[in-house]
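Report on the following structure.
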Amino acid sequence: MDISINHYPLFMDTVYGHMQSQPMHTACVFQSRGIETAVHLSYQALNVKVSERTQLLLTLGYQGKSVALIYPSGLDFIVNFLACLSAGVIAVPLNVTRNAQQFERTINIFEDAKIQTILTTKDTQKNLIQQLSDIPTLSQPSFVWIDELQTTLSTSALPKIQPDHIAFIQYTSGSTSSPKGVMVSHENIVDNMKAIQNGCGHKQGLIAGGWLPQFHDMGLIGHMLHPIYMGGTYVFMPPMNFIQRPRRWLELISHYKIFCSASPNFGYEHCVKLISDKEDLSHIDLSCWKVALNGSEPVNADTMADFSKKFAQCGFNPQSFFPSYGMAEATLFISGGPKSSGVDVITLDKKLFAQGKIKQSKIGLEIVNCGAISPRFQIKIVDPVSLHECSCDQTGEIWISGKSVAQGYINNPEKTASDFNARIIPSDDYRYLRTGDMGFIHQGMLFVTGRIKELLIIRGRNHYPYDIERTCNNYEHSAGGSGAAVFTFEHNQQTKLAAIVEIKKVSLRDLEKNQLKSDIHELVSKHHEITFDKLMLVRPGVIPKTTSGKIKRSACNALLYDIKK
Amino acid sequence: MTSEFNKKTLITKIADYISSKAENFSKENHSDTSFSRLGLDSADHVQLSAIVEEHLKIEVEPTLAFDYPTINSMISFLEKKLLCEIDHEQS
């Protein structure tokens with residue numbers, strides 16, 4: 001294939017290079033169940049498949065347009081995503097939803113990104129069409145579906161793609177009702193590939209992967225694109241199979257000698273909790289696992305200590321732990337490492353910390369080191385109200401600037417201006433991304449202490465209390481209005497989810513409380529796939545609110561505690 | 001046959017798991033109540049399939065509890081599946 005000579009080699013230019021130079025090397029391995037179910041793709045096979053798909057997309061005229069990619073875990077997603085990059089089609093990866101309630105979020109995203117075309121498999125299409133027909137309020141939209149049966153014989157020249165063109169749109173942020181799609185450019189991808197390579201100490205031929213979903217930034221950028229960029233091998237399994245039996249993740253790492261595998265904190269916790277001491281782990285050797293990246297959820301030092309202890313017998317080296325910080329708005333990686341640093345914790349004076357001051361002390365508040373800030377970024381700690389830069393002993397909002405910072409939120413100039421084009425006062429001529437996370441820098445290392453935005457991160461997924469409250473308010477026996485409060489509380493050092501819902505007086509009088517609770521559990525589970533650890537039903541007017549009607553979440557916490565006693 | 005005995009202990013194992021997650025659960029009253037109504041989240045659903053695998057020593061889909069969302073529907077599905085497999089082995 002003729003590779004167009006850019007001054008700036010894009011992701012696919014590098015990958016086409018690998019396809020030429022090492023056609024027989026394994027590019028991807030997907031294992032749906034046991035080792036005998038593994039399917040492999042060499043760089044040559046990948047080239048053939050990606051080229052076919054690229055030609056189809058070009059023939060159908062999708063260059064420069066957005067299309068949704070809705071695939072179950074597997075090789076199809078890789079081929080189609082790379083074909084989009086190669087054809088200059090803007091890929092919008094989304095998860096396969098399980099029911100009509102979840103599909104409504106997908107519909108909101110279609111509207112937000114003005115998507116009319118869905119790339120998927122024949123089987124998935126059947127399920128999605130069923131879900132569509134279950135949405136009562138929707139006038140049937142006419143989507144264009146492209147599945148594996150569609151092919152073309154044409155052989156057009158590949159388009160010239162500029163580094164600043166949008167490569168794909170990542171939906172991880174934003175509430176259900178107003179989703180925010182992060183526009184990631186071709187240059188962003190390449191820049192972040194270099195940041196990851198440097199931060200993790202990866203070499204050519206890297207073997208990386210695990211169980212992370214392919215449609216989310218950490219699975220997509222870190223597990224899938226990165227090893228392919230490095231001429232290595234992407235090894236993966238369906239997320240559900242990990243949840244069902246977490247030992248499979250460790251077996252995957254051991255069998256394929258995976259060097260870098262990432263997970264949010266809950267994945268490590270899941271292994272600690274659900275791999276029983278009776279299980280035979282003698283066949284598992286984790287000494288190959290040099291970068292055990294922990295990110296996208298707050299990193300818990302206790303979890304990592306428990307994990308290290310439990311899997312020392314498998315040759316897991318605690319120094320391999322790699323706490324990190326990143327987000328889709330920065331393509332993925334912002335800080336982490338250097339490699340083999342393990343878990344480092346700083347202890348701060350609690351009283352001073354409450355005033356935003358950083359002072360180390362013997363006992364106090366422990367905060368995990370999220371690693372070295374990639375030299376590809378310029379980072380500032382900024383007072384989120386005054387927008388002045390903080391002094392080095394203060395906590396503030398983390399602001400970043402650099403070539404990995406995405407191009408903004410699609411079709412949302414206001415949010416793009418406020419979040420992606422922030423300026424420090426007085427301005428240093430840089431435009432910054434406001435991360436919404438609070439933290440500080442200590443000896444070049446980033447420490448993340450909390451969030452400004454009200455955002456719940458559960459199993460690596462972002463949830464907005466507002467969305468869940470709305471679901472509760474829509475329940476037929478709810479008092480409605482803003483009669484629901486969703487918030488977190490701490491129990492045995494674990495973060496738990498609670499809700500207080502105001503119920504109509506008549507319903508409280510006439511109906512079984514347990515029945516009402518079950519209804520709400522079912523609703524929330526269907527819409528958000530999460531559940532409340534504590535659910536309290538109250539009569540209207542009990543939820544503490546500010547004078548302007550905003551829910552006081554901290555007062556709700558106290559209410560929950562009072563009633564528990 | 002042993003399948004009756006297996007069924008009973010399997011139901012007990014499933015019920016024990018649900019009790020550890022859901023308030024006010026009872027096997028007697030909730031065998032036809034959906035797992036999500038009882039307050040189980042998606043990870044809990046997947047965990048139920050792992051309990052089944054462990055007990056029956058067969059492989060089931062991780063989505064088992066989503067597709068058969070009550071104790072009774074899940075058990076009756078498993079009974080049929082096991083019968084089929086026995087038939088298969090005998091033929």
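In the text below, chain A, chain B and the rest are named by the order of the sequence lines, each starting its count at 1.
Panel note: side chain Arg37(B), backbone His521(A); no donor-acceptor pair is recorded below 3.5 Å. The backbone N or O of Leu38(B) sits nowhere less than 3.5 Å from a side-chain atom of Ser518(A) that would complete a donor-acceptor pair. Although no hydrogens or angles enter the test, the distance criterion places no donor-acceptor pair under 3.5 Å between the side chain of Ser525(A) and the main chain of Asp41(B).
Between the CG atom in Asp67(B) and the CZ atom in Arg98(A) there is a gap of 8.5 Å [rounded to 0.5 Å]. Taking OG of Ser42(B) as the start and CE of Met240(A) as the end, the distance is 7.5 Å to the nearest 0.5 Å.
For chain B, no part of Ile520(A) is nearby; none of its heavy atoms comes within less than 4.5 Å. Both the backbone and the side chain of Ser49(B) come within less than 4.5 Å of a heavy atom in chain A. Looking at Ile51(B), neither its backbone nor its side chain comes within 4.5 Å of chain A, counting heavy atoms on both sides. If you measure heavy-atom distances from Val60(B) to chain A, the contacts under 4.5 Å come from both the backbone and the side chain. Contacts between His528(A) and chain B at a heavy-atom distance below 4.5 Å are absent for every atom of the residue. The part of Asn514(A) that comes within reach of chain B is its side chain, from C-beta onward, which places non-hydrogen atoms under 4.5 angstrom from that chain.
Annotation for Lys526(A): atom NZ does not count as buried by contact number, only 12 or fewer foreign heavy atoms lying within 6.0 Å. Environment of OH in Tyr17(B): crowded, with over 12 heavy atoms of neighbouring residues, nucleotides or ligands closer than 6.0 Å.
With contacts defined as side-chain heavy-atom distances shorter than 4.5 Å, the pair Gln47(B)/Gln244(A) does not qualify. Residues Phe35(B) and Glu522(A) have side chains not in contact (no heavy-atom distance under 4.5 Å, counting atoms from C-beta outward).
Contact detail for Arg245(A) and Ala50(B): the closest heavy-atom pair is NH2-O, 3.2 Å.
When each of His270(A), Glu529(A), Arg33(A) is checked for heavy-atom pairs under 4.5 Å with chain B, Arg33(A) comes out on top.
Look at Arg248(A) and Glu59(B) and you find no salt bridge, because none of the NZ, NE, NH1 or NH2 atoms lies under 4.0 Å from a carboxylate O. Using a cut-off of 4.0 Å between Lys/Arg side-chain N and Asp/Glu carboxylate O, Glu54(B) and Lys278(A) are scored as not salt-bridged.
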